[in-house]
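In what follows, a structure is listed as structure tokens, so that the remarks can point back to it.
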Amino acid sequence: MSSAYHPEKVEREAQEYWRGTRCFEVAEEPGKEKFYCLTMFPYPSGKLHMGHVRVFTISDVIARYQRMRGKHVMQPMGWDAFGMPAENAAIQRGVPPAEWTYRNIDDMREQMQRLGYAYDWAREITTCRPEYYRWEQWLFTRMFRKGLVYRKNSIVNWDPVDETVLANEQVIDGRGWRSNALVERREIPQWFMKITAYADELLAELDRMPGWPESVKTMQRNWIGRSEGLELGFEVEGTNEPLEVFTTRPDTLMGVTYMAVAAEHPLAARAAKQDPDIATFVEECKKTAAAEAALETMEKKGVPLGISATHPLTGERVPLWVANFVLMSYGTGAVMGVPGHDERDWEFAKKHGLPIVQVIAPADGREIDIQAGAFVEHGILVNSGEYDGLNFEAACDAIAAHFEDSGRGRRAINYRLRDWGVSRQRYWGAPIPIVYCDQCDAVPVPDDQLPVVLPEDVEFTGVGSPLKDMPEFLEATCPECGRPARRETDTFDTFVESSWYFARYACPDSDQAMLDARAAYWMPVDQYTGGIEHAILHLLYSRFIQRVMRDEGLSAASEPFTNLLTQGMVLKDGAKMSKAKGNTVDPHALVEKYGADTVRLFMIFTAPPEQALEWSDDGVKGSFRFLNRFWTSVQAHAESGLATPVDPDTLDTAQRDLRRKTHQTIAKISDDIGRRYTFNTAVAAAMELLNSVNRFDDSSPAGRFVVQEALDAIVLMLAPIVPHICHTLWQALGHDSALIDESWPSADDRALEQELIEIVVQVNGKLRGRISVAVDADDDTVREAALADANVQRFVADKAIRKTIVVPGRLVNVVV
RNA sequence: GCCCGGGUGGCGGAAUUGGUAGACGCUGCGGACUUAAAAUCCGCUGGCCGCAAGGCCGUGCCGGUUCGAGUCCGGCCCCGGGCACCA
């Protein structure tokens with residue numbers, strides 16, 4: 001064995017061993033406790049970036065740790081291969097999206113393998129392959145039959161120059177990114193999945209998911225946004241249909257002074273035909289991007305429609321407006337304006353000179369000026385006729401009862417969550433399995449005609465989908481009546497692929513069913529790791545589709561992911577690493593220079609997984625230096641002859657101290673990795689133990705025994721993080737077995753025992769001294785020892801002691 | 001605008017249940033080794049005062065609770081993530 005650390009050699013040998021023994025390829029073993037460890041699969045964008053390396057390393061540490069804990073671990077990897085970047089690359093380079101994607105996959109797979117992740121590559125999934133997406137097409141047709149998918153008009157960003165639909169990302173300051181034309185909102189028919197049918201279950205189950213971060217659960221709760229309220233109709237002049245609105249504040253109903261509808265609302269369209277000013281405003285409203293953030297931050301504007309609605313309680317007429325902040329896609333596309341008790345309504349009323357009426361007074365009786373600002377808290381009703389004096393609950397009940405009795409309204413539960421629009425007017429995605437027939441309308445493609453294969457050999461221009469120009473794709477026969485029909489050219493949102501891939505890893509080769517019995521063994525995922533940016537969309541869609549699969553009898557699990565770890569971004573100079581900012585660091589170059597273990601160690605040591613990680617070239621060097629010290633320490637110990645076991649009872653104080661440190665470190669790192677997921681502090685503890693070993697100078701048999709025990713423990717505990725160097729060092733320490741088959745060490749309680757402990761002494765909460773006392777000393781003994789300390793005496797002196805607080809094993813605080 | 005996070009030395013971070021602020025690492029400075037450099041090893045490294053012992057200040061800002069607050073509560077400021085067609 002050479003004495004210097006050569007990572008490329010060490011890493012090649014370890015990886016050859018793992019490949020030769022196929023130790024990460026696993027099959028179902030019903031007797032064993034399984035552990036399914038999954039990372040959010042990457043989009044094959046070209047090369048691995050540091051964000052990938054970080055999340056893969058975090059997940060790999062967990063997988064390897066659980067394996068050492070005796071679990072039967074499955075860790076797969078695959079490719080979220082459909083998406084816009086392939087189309088953009090195709091336009092820029094003239095390469096078909098498929099070719100570009102497959103080439104990237106090959107490059108990235110090779111880079112991943114160089115990093116030594118414990119993946120079962122036999123399960124690799126590529127979502128743009130027909131053998132994968134045929135099953136989501138199949139599930140879509142099942143959902144069609146159950147009424148869980150439907151078609152309706154919805155709004156997209158329309159680039160009037162390129163005549164194409166733009167993603168929100170492609171709209172910059174309200175303009176198309178290529179044409180620079182002002183983007184318009186346009187309505188087109190699109191397919192929707194009825195996630196709202198599962199809203200209650202998706203919400204309720206969050207309370208029974210202890211393995212998810214509270215922040216993510218809160219975000220999902222707020223996103224689903226369940227609210228209880230009243231649905232009621234306002235009669236509008238010139239129409240027979242009442243204008244339906246939903247409110248969570250029926251108690252403020254008497255304060256309604258206007259109504260507002262969305263620009264796309266039929267009442268606005270009707271008024272626009274009569275009045276050119278309204279038409280101009282409605283057109284202007286449509287010239288904004290569809291993203292909610294854009295709508296919510298723009299100036300609140302509106303114009304009166306010149307018609308009025310009748311207040312359902314007072315019979316008074318309130319004016320009807322069209323306003324740019326009312327969204328057609330939320331609820332009914334209409335809202336009632338209560339400026340006295342809603343901030344946004346208040347501002348709108350002030351701006352347009354609409355009346356502001358106070359109908360709620362503070363419960364504590366204080367005076368408020370409603371003209372100076374909205375009062376949004378719950379309170380007591382005033383100016384509300386027969387409802388005066390009621391509190392929030394009583395008023396809501398009374399008013400709801402009134403509407404229910406008269407049949408003009410009803411108590412209702414409303415969700416902020418909207419159904420999932422899955423249609424994309426793009427080429428590089430999974431075809432939506434529908435054919436359109438003049439006689440039979442939209443007909444799902446029958447099972448025996450699936451998959452609907454996306455042609456990969458295309459000329460891609462970026463203007464419209466090439467599928468529209470391909471008769472061999474477009475032309476179909478109606479499955480119901482046999483007449484000529486036309487195939488759907490829209491493709492699925494790529495979130496459809498990523499909403500079920502986790503289950504498919506259990507049986508990637510199943511060609512008879514979407515999932516088979518193997519999924520029952522592996523699902524749910526025990527540990528899911530990925531970016532916090534997916535806290536809502538991807539994770540909520542996955543929870544939805546998992547339930548659809550459950551209800552289809554494909555999987556018993558309701559929740560796909562038992563434990564969730566959301567890792568932070570990789571930053572450099574305070575900003576996210578990105579090509580656009582030009583602050584990327586190529587992982588490949590670093591692996592070439594320092595080896596995979598150094599890169600893995602840096603990723604793990606520099607920050608806790610959930611936090612953003614600030615890149616540092618010097619930090620990488622520091623990790624490399626540590627591995628060199630580690631290597632040298634183990635080799636030096638091994639070269640001078642390995643130790644033989646010694647009876648721990650015969651150790652002297654220094655030997656016992658090192659042994660205690662070893663076992664304290666085992667306890668700490670087990671807790672850090674197994675419970676706390678603070679891998680950075682686990683590494684710090686291992687470094688501390690190695691520092692203790694290097695300071696320890698005792699070549700007696702007993703001394704060599706405690707050193708060997710410490711080094712064995714460090715190698716075992718760093719194995720999940722830096723598996724290659726540990727593989728080699730384990731052999732150097734004289735073990736015949738392969739490290740990959742070793743178990744996690746356990747702390748020996750007897751080694752942890754100690755006689756004296758240090759206690760901190762405070763006077764009035766300020767640190768004034770430290771004392772050493774017997775570990776089992778009682779409070780009085782500790783208090784006396786504390787007061788006897790010379791520096792403590794200086795501060796206590798002749799002052800009266802008011803009380804003394806003794807925190808056993810920690811501190812004494814003397815209050816004078 | 002709305003929802004969710006975060007803010008601690010020169011830097012990354014530690015402090016796990018309200019109990020020693022700054023573990024571990026980086027940088028910097030000083031020293032050893034070397035013809036020299038690199039590498040390695042040793043020491044110091046929050047600010048201020050002090051010969052020292054030790055003291056005072058200090059966890060984004062303002063206020064509160066407590067014997068004791070980085071940690072809990074109220075109000076602000078700044079930074080990041082998400083907002084339904086980036087993935």
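Convention: sequence-line order gives letters A, B, ...; per-chain numbering from 1.
- Note on A/Gln190: a base of the nucleic acid sits closer than 4.0 angstrom, heavy atoms only.
- The side chain of A/Asn222 approaches B/rC3 more closely than any other nucleotide in the set B/rG54, B/rC3, B/rC56.
- Between the side chains of A/Trp79 and A/Asn104, no donor-acceptor pair is found at a separation under 3.5 Å.
- Using a 4.0 Å heavy-atom criterion, one finds that A/Ala612 contacts the sugar-phosphate atoms exclusively.
- Across the protein-nucleic acid pair, A/Leu295 atom CG and B/rC2 atom P stand 15 Å apart, rounded to whole Å.
- Nucleic acid contact for A/Met298: none, since no nucleic acid atom lies under 4.0 Å from a heavy atom of the residue.
- B/rG13 atom P lies 11 Å from atom CZ of A/Phe605, rounded to whole Å.
- Residue contacts shown for A/Arg221 are absent, as no nucleic acid heavy atom lies under 4.0 Å away.
- The base-pairing partner of B/rA84, taking Watson-Crick or G-U wobble contacts with both distances under 3.5 Å, does not exist among the strands shown.
- Among the heavy atoms of the strands lying under 4.0 Å from A/Glu688 are primed sugar atoms or P, OP1, OP2 only; no base atom is included.
- One interatomic measurement links the two molecules: CZ of A/Arg810 to P of B/rA69, which rounds to 16 Å at whole-angstrom precision.
- Look at CZ on A/Arg676: it is 16 Å from P on B/rG13, rounded to the nearest Å.
- Among the heavy atoms of the strands, none lies under 4.0 Å from A/Leu613.
- Applying the Watson-Crick and G-U wobble criteria (two distances, each under 3.5 Å), B/rG54 pairs with B/rC49.
- The side chain of A/Lys766 places an N or O atom within less than 4.0 Å of a non-bridging phosphate oxygen (OP1 or OP2) of B/rC57.
- Going from atom CZ of A/Phe624 over to atom P of B/rU27 covers 14 Å, rounded to whole Å.
- A distance of about 15 Å separates the P atoms of B/rA32 and B/rA38, rounded to the whole Å.
- Nucleic acid contact class of A/Phe325 (heavy atoms, under 4.0 Å, all strands): none.
- Residue contacts shown for A/Arg802 are absent, as no nucleic acid heavy atom lies under 4.0 Å away.
- Each of A/Ile666, A/Asp672, A/Ile673 was evaluated against A/Ser670; a single residue qualifies, A/Ile666, per the side-chain contact (heavy atoms from CB on, under 4.5 Å) test.
- Remark: A/Gln762 is not in phosphate contact with B/rG19, judged by side-chain N or O atoms under 4.0 Å from OP1 or OP2.
- Within 4.0 Å of A/Trp223, counting heavy atoms only, lies at least one base atom of the nucleic acid.
- Considering only side-chain N and O atoms, A/Asn791 lies under 4.0 angstrom from the phosphate OP1 or OP2 of B/rG55.
- Remark: A/Asn168 is in phosphate contact with B/rA84, judged by side-chain N or O atoms under 4.0 Å from OP1 or OP2.
- Set against B/rG12, B/rA87, B/rU27, the side chain of A/Arg625 has B/rU27 as its closest nucleotide.
- Across all strands shown, A/Phe795 has heavy atoms under 4.0 Å from sugar-phosphate atoms exclusively, and none from any base.
- As judged by a 4.0 angstrom heavy-atom cut-off over every strand, A/Gln170 is placed among residues making no nucleic acid contact.
- Residues A/Thr681 and A/Arg416 both approach RNA chain B. Their nearest nucleotides, taken by heavy-atom distance, put A/Thr681 toward the 5′ side.
- Pairing partner, B/rG25: B/rC11, with both Watson-Crick or wobble hydrogen-bond distances short of 3.5 Å.
- Within the 4.5 Å cutoff, the side chain of A/Glu264 has heavy atoms near those of the A/Ile155 side chain.
- Electrostatic pairing of A/Glu214 and A/Lys217 counts as a salt bridge here, judged by a charged N lying under 4.0 Å from a carboxylate O.
- Between the side chain of A/Thr606 and the main chain of A/Met603, no donor-acceptor pair closer than 3.5 Å is present.
- Annotated as anti: B/rG74, whose glycosidic dihedral deviates from 0 by more than 90°.
- Checked by atom type and distance alone, the side chain of A/Arg543 pairs as donor or acceptor with a backbone atom of A/Leu202 at under 3.5 Å.
- No side-chain heavy atom of A/Phe348 sits less than 4.5 Å from a side-chain heavy atom of A/Pro339.
- Residue A/His538 is classed as having no contact, given no heavy-atom separation below 4.0 Å to the nucleic acid.
- Atom-to-atom, CG of A/Leu327 to C1' of B/rA84 comes out at 12 Å; the value is rounded to the nearest Å.
- In this structure, the CG atom of A/Asn813 is 15 Å from the P atom of B/rU66, given to the nearest Å.
- Computed from coordinates, the A/Met687 CE to B/rG12 P distance equals 17 Å when rounded to whole Å.
- Of the residues near RNA chain B, A/Ala291 and A/Val807, the one whose nearest nucleotide (by heavy atom distance) lies more toward the 5' end is A/Val807.
- Using a 4.0 Å heavy-atom cutoff across all strands shown, A/Lys668 reaches at least one base atom of the nucleic acid.
- Between A/Ile604 and A/Val61, some side-chain heavy-atom pair lies under the 4.5 Å cut-off.
- Side-chain N/O atoms of A/Arg794 include none lying less than 4.0 angstrom from OP1 or OP2 on B/rA53.
- Using a 4.0 Å heavy-atom criterion, one finds that A/Ser623 contacts no nucleic acid atom at all.
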